[in-house]
Protein chains: 2
Amino acid sequence: MARDLAPAQIDVSADLIRAAGVKVTRGRVRVLDALHAARQPLSHAELEARLDDPAEPAMDRVTLYRILDSLVACGLALKAVDTRGVFRFSAAGAQRQHAKHVHFRCTDCGGVFCLKAEPPPPPRLPRGFRLNEVAFDLRGTCAGCSSREGV
Amino acid sequence: MARDLAPAQIDVSADLIRAAGVKVTRGRVRVLDALHAARQPLSHAELEARLDDPAEPAMDRVTLYRILDSLVACGLALKAVDTRGVFRFSAAGAQRQHAKHVHFRCTDCGGVFCLKAEPPPPPRLPRGFRLNEVAFDLRGTCAGCSSREGV
DNA sequence: CGGTAAACGCAACCTTGTTGCATTTGGAGG
DNA sequence: CCTCCAAATGCAACAAGGTTGCGTTTACCG
Ligand SMILES: [Mn+2]
Ligand SMILES: [Mn+2]
Ligand SMILES: [Zn+2]
Ligand SMILES: [Zn+2]
């Protein structure tokens, strides 16, 4: 069963980066690959650890910061702050859809649940304010945690 | 109309601190006063600026951090991280009123602005979910930061 | 192939927050 | 009012996360 790798599948990250209109560099491809492979948003430190591959040339700390910023700037990655105040990055593809609906965050287990409802239109802003993002988050206890605690 | 100051009104912060079971110090009273007077959660840096009163002895940077931690520990203040990853503090109890309106969070300066609009009614939740809090947060650039950057 | 703007590596720097330790002080108890 | 000591403060040093400046390298356009 001599199978050849699906050629369309390889270099996904490189293609995305090219399509975003910025230079395709080894570093950017590696970082975007790592973000795609991750199942949770990663901090700079966590990314540095995952990129520590003896086969690849070591990447400078500052360069990693700049690569992350560039991926965010061209819309390929998302940046958010965690509860400790540290920035975490994720590949943009999956999250884009989450802008269109409301979320429920369980304060017990930390779980995030996507609700069917879409966020209401934002109110008018004061002069000079520029809107980038709308978050309609409900906080409370999810069904699982409610039943476990409410014995 | 010689009116005397209502004696019950003065030293609110000192009474709260005493009631919380920790020592009443000049620093703690000043910080809690500042938090009560604030209309938004304040960062350590913003508090330092507001406490810079030539009439009062200067407070050490580390002491301010420790005072804030102590107020949080005894339940008189709340600590939360802003969009830049910086901690912001508010007087406990102040956030009750903030549940009734929408907030704008500046991703540049981390500032939190109270908008006049009230949050929309929450959508129906799945069975078993218990709602505690509704957060309708707008993110973007505030007027001050917009003008400073958009030369 | 060049030529050039963008990306990179490195050193220095900044901000936010913490730790260790010696000194001062609030306030409980005499 | 005085004594005493745990708690609070001041100061120096440290640490993590992030940024800036600048000279060198590289992606990629023509
Ligand atoms: Mn979602
Ligand atoms: Mn508010
Ligand atoms: Zn839960
Ligand atoms: Zn701002």
Side-chain angles (χ1 to χ4, degrees), chain A residues 11 13-32 41-52 56-74 76-77 79-89, chain B residues 11 13-32 41-53 56-74 76-77 79-89 106-111 145 148-149:
Chain A
D11 275 348
S13 295
D15 290 344
L16 284 168
I17 293 168
R18 204 178 345 265
V22 297
K23 286 190 183 176
V24 179
T25 67
R26 178 180 282 274
R28 281 182 179 159
V29 173
R30 287 177 64 201
V31 172
L32 191 51
L42 300 178
S43 67
H44 176 278
E46 290 166 350
L47 272 164
E48 227 177 3
R50 301 198 184 198
L51 295 172
D52 185 19
E56 299 278 332
M59 181 182 307
D60 186 74
R61 220 171 61 83
V62 177
T63 300
L64 177 52
Y65 276 116
R66 293 203 264 232
I67 285 176
L68 287 169
D69 282 346
S70 77
L71 292 178
V72 170
C74 70
L76 292 177
K79 182 179 187 177
V81 67
D82 72 14
T83 50
R84 288 178 329 180
V86 174
F87 290 125
R88 287 178 174 272
F89 301 85
Chain B
D11 275 347
S13 295
D15 289 345
L16 284 169
I17 293 168
R18 203 176 348 262
V22 297
K23 286 190 183 176
V24 179
T25 67
R26 179 179 282 274
R28 282 182 179 159
V29 173
R30 287 176 65 200
V31 171
L32 191 51
L42 300 178
S43 66
H44 176 278
E46 289 166 351
L47 272 164
E48 228 177 2
R50 300 196 185 199
L51 295 173
D52 184 19
D53 178 356
E56 300 277 333
M59 181 183 307
D60 187 74
R61 221 171 59 82
V62 177
T63 300
L64 177 52
Y65 275 115
R66 294 203 263 231
I67 285 177
L68 287 168
D69 282 346
S70 78
L71 292 178
V72 171
C74 70
L76 293 176
K79 182 180 187 176
V81 68
D82 74 15
T83 51
R84 293 175 320 173
V86 173
F87 291 124
R88 285 178 175 268
F89 301 84
C106 179
T107 47
D108 274 33
C109 66
C145 292
R148 260 189 295 284
E149 108 190 2

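Order of the sequence lines fixes the chain letters, A, B, ..., with proteins taken first and strands second; residue numbering starts at 1 for each chain.
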Pairs under 3.5 Å (N/O, protein and nucleotides 16-23 of chain D):
{"from": "D:dG18", "atom 1": "OP1", "to": "A:Phe87", "atom 2": "N", "distance (Å)": "3.1"}
{"from": "D:dG18", "atom 1": "OP2", "to": "A:Tyr65", "atom 2": "OH", "distance (Å)": "3.3"}
{"from": "D:dG18", "atom 1": "N7", "to": "A:Arg61", "atom 2": "NH1", "distance (Å)": "3.4"}
{"from": "D:dG18", "atom 1": "N7", "to": "A:Arg61", "atom 2": "NH2", "distance (Å)": "3.2"}
{"from": "D:dG18", "atom 1": "O6", "to": "A:Arg61", "atom 2": "NH2", "distance (Å)": "2.9"}
{"from": "D:dG21", "atom 1": "O6", "to": "A:Arg66", "atom 2": "NH1", "distance (Å)": "3.3"}
{"from": "D:dG21", "atom 1": "O6", "to": "A:Arg66", "atom 2": "NH2", "distance (Å)": "3.1"}

Can you give me the N/O atom pairs linking the protein to nucleotides 28-30 of chain D at distances under 3.5 Å, or say none if there are none?
{"from": "D:dC28", "atom 1": "OP1", "to": "A:Val24", "atom 2": "N", "distance (Å)": "2.6"}

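If you take CG of B:Leu64 and C1' of D:dG10, they are 13 Å apart, rounded to a whole angstrom. The CZ-P distance, from A:Arg26 to D:dA27, rounds to 9 Å in whole Å. Summarising the geometry, the separation between CG on A:Leu51 and C1' on C:dC8 is reported as 15 Å, rounded to the nearest angstrom. The distance from atom CZ of B:Arg28 to atom P of D:dG10 is 12 Å, rounded to the nearest whole Å. Straight-line distance from the CE atom of A:Met59 to the P atom of C:dA7: 14 Å, rounded to whole Å. When the C1' atom of D:dG10 is taken as reference, atom CD1 of B:Ile67 falls 12 Å away, rounded to whole Å. In this structure, CD1 of A:Ile17 is placed 17 Å from P of C:dA6, rounded to the nearest angstrom. Here C:dT16 presents its P atom at 14 Å from CG of B:Leu68, a figure rounded to the nearest Å.
Here the straight-line distance linking atom CZ of B:Phe89 with atom CD of B:Glu46 works out to 11.5 Å at 0.5 Å rounding.
Residues A:Met59 and A:Arg26 fail the side-chain proximity criterion, which asks for heavy atoms closer than 4.5 Å. Residues B:His44 and B:Val86 have side chains not in contact (no heavy-atom distance under 4.5 Å, counting atoms from C-beta outward). Using a 4.5 Å heavy-atom threshold, the side chains of B:Val81 and A:Thr83 count as separate. You'll find the side chain of B:Val62 reaches within 4.5 Å of the side chain of B:Arg66, heavy atoms only.
The two atoms that bring B:Phe87 and A:Arg84 nearest to each other are CZ-O, 3.7 Å, heavy atoms only. Nearest heavy-atom pair across A:Ile67 and A:Gly27 is CD1-C, 3.6 Å. Across all their heavy atoms, B:Ile17 and B:Val29 have their closest contact at CD1-N, 3.8 Å.
Judged as a side-chain contact (heavy atoms from CB on, under 4.5 Å), and not counting sequence neighbours, B:Asp52 has no contacts.
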